[in-house]
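Working notes, structure below.
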2 protein chains.
Amino acid sequence: MQRQPGDPDTAAKILDIAERLVQVRGFNGFSYADVAAELGVTKSALHYHFSGKAELGDALIVRYATRFAAALAAIDTQTTDAAAKLDAYASLYLDVVRDERMCLCGMLAAEYQTLPAPMGEAVMRFFDDNEAWLARTLQQGRDDATLHFVGSAHDTARMVISSLEGAMLVARPYGDIGRFEAAARGLLAGLTPATAPRPVPAA
Amino acid sequence: MQRQPGDPDTAAKILDIAERLVQVRGFNGFSYADVAAELGVTKSALHYHFSGKAELGDALIVRYATRFAAALAAIDTQTTDAAAKLDAYASLYLDVVRDERMCLCGMLAAEYQTLPAPMGEAVMRFFDDNEAWLARTLQQGRDDATLHFVGSAHDTARMVISSLEGAMLVARPYGDIGRFEAAARGLLAGLTPATAPRPVPAA
DNA sequence: GTCTATAGGCAGATAGAC
DNA sequence: GTCTATCTGCCTATAGAC
């Protein structure tokens with residue numbers, strides 16, 4: 001599974017390595033030298049595939065967002081129940097946590113002020129796309145009474161995204177998947193009335 | 001308000017500048033040169049006050065955590081209602097967002113894998129302290145029926161912390177305080193039954 | 001496609017004068 | 001306490017051979 005000289009998929013391998021490095025160490029926490037050493041090539045070879053770190057960063061976000069969008073489309077294909085869709089959504093995040101990574105765009109959001117402008121804009125588009133999918137799913141669940149939430153579907157979608165991102169962020173230092181799982185469970189429980197009955201205030 | 005030569009509070013001014021730089025750009029996104037330039041001294045002067053970047057980082061977290069602990073103690077002094085305490089807690093975060101910063105320890109959590117070990121441990125202590133205070137407050141609120149939540153007070157405390165941290169994280173690229181406020185409102189609404197009545201499932 | 005070699009800059013850090 | 005001067009190392013990036 002090591003790279004062969006002249007490998008036509010070197011670009012993909014570079015992206016694989018760089019993606020993990022950014023998710024673990026941040027965009028400001030890795031270098032071309034790190035990627036080159038791991039791939040077993042020189043830094044110059046990287047410049048052939050990606051002219052600079054900014055372009056590599058762009059490509060990373062594009063590929064990540066595309067893969068994520070495909071996963072959301074797959075959820076829509078395989079699931080009809082809104083609550084089950086939300087579960088599947090959360091488990092996409094769980095997969096990242098299991099890999100001891102942070103969400104690529106969550107990490108980049110922290111570094112936002114130091115990113116090249118195109119990368120920053122791509123990060124926002126990632127969140128916007130997630131928000132749109134979640135808002136549709138939440139609205140569907142409210143329409144058929146399988147989900148319950150106060151306020152707009154879009155605001156609730158934003159809350160879901162930021163809560164999951166925050167749960168990843170804070171769980172990282174502890175290296176504790178359970179911390180993320182508990183937060184995700186609590187979040188989803190708050191959206192599914194049947195699993196979390198709640199007393200009506202006396203008033 | 002500029003620094004005078006021989007200023008006895010140079011160390012504090014260094015911490016002020018470095019704190020903001022870390023909150024905005026990250027620990028890996030600023031340098032001694034940045035701090036020195038802003039303060040109007042050379043890098044060498046910084047090394048006199050903090051022997052290295054790791055020690056400066058330690059001092060930053062200690063001061064931040066101390067200040068935060070004092071703010072929590074002040075809330076306990078000024079407020080008795082648990083829901084009001086949670087509001088005050090959230091508004092500590094809001095102050096940070098208003099300043100266009102990320103929580104210091106939230107930012108460092110993202111960079112955790114690249115931090116010197118003592119800094120990483122101090123970041124966890126910060127979250128542990130927050131969790132302990134929140135868990136006490138949540139338990140108090142449940143005991144006197146002013147708050148409602150499912151599961152343990154500690155798990156709920158963790159959810160509050162990670163949701164607020166995540167809301168800051170995701171709001172940053174958009175430069176939109178309203179995004180954070182909406183998320184915080186939604187979070188607190190989920191803990192205060194009176195302000196967010198919810199139908200009991202038919203079952 | 002990948003290499004060697006190298007440029008130019010900035011990083012964190014130290015020695016020693018004042 | 002702060003300076004000048006300097007060190008070493010790593011960073012991103014480029015030129016040009018193979």
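Each chain gets a letter, A, B and so on, in the order its sequence line appears, and its residues count up from 1. As the structure is a computational prediction, the values presented were derived from the model and not from experiment.
- Between B:Arg98 and B:Asp95, at least one side-chain nitrogen of the basic residue sits less than 4.0 Å from a carboxylate oxygen of the acidic one, meeting the salt-bridge criterion.
- Within 4.0 Å of A:Phe50, counting heavy atoms only, lies no atom of the nucleic acid at all.
- In this structure, the CG atom of B:Asn28 is 12 Å from the P atom of D:dC11, given to the nearest Å.
- Of the residues near DNA chain D, A:Ser51 and A:Ala33, the one whose nearest nucleotide (by heavy atom distance) lies more toward the 5' end is A:Ala33.
- Applying the 3.5 Å distance criterion, the base of D:dT14 shares a donor-acceptor pair with the side chain of A:Ser44.
- For A:Ser31 against D:dT12, no side-chain N or O and base N or O form a donor-acceptor pair under 3.5 Å.
- Donor-acceptor pairing under 3.5 Å, judged by distance alone, is absent between the side chain of B:Thr10 and the base of D:dT2.
- The interatomic distance linking B:Leu39 (CG) with D:dT2 (P) rounds to 8 Å, in whole Å.
- Looking only at side-chain heavy atoms (C-beta outward), B:Glu165 and A:Glu165 stay at 4.5 Å or farther from each other.
- Between the P atom of C:dT6 and the NE2 atom of A:His47 lies a distance of 17 Å, rounded to the nearest Å.
- A:Tyr89 and A:Trp133 have parallel rings, their planes meeting at less than 30° on a 0 to 90° scale where 60° marks the start of perpendicular.
- In this structure, B:Lys13 atom NZ and D:dT2 atom P are separated by 10 Å, rounded to whole Å.
- As rounded to whole Å, 22 Å separates atom P of D:dT6 from atom OH of B:Tyr32.
- Contact annotation: the side chain of B:Tyr174 approaches that of A:Asp128 to within less than 4.5 Å [non-hydrogen atoms, C-beta and beyond].
- Per the geometry, OH belonging to B:Tyr48 stands 19 Å off P belonging to C:dC18, to the nearest Å.
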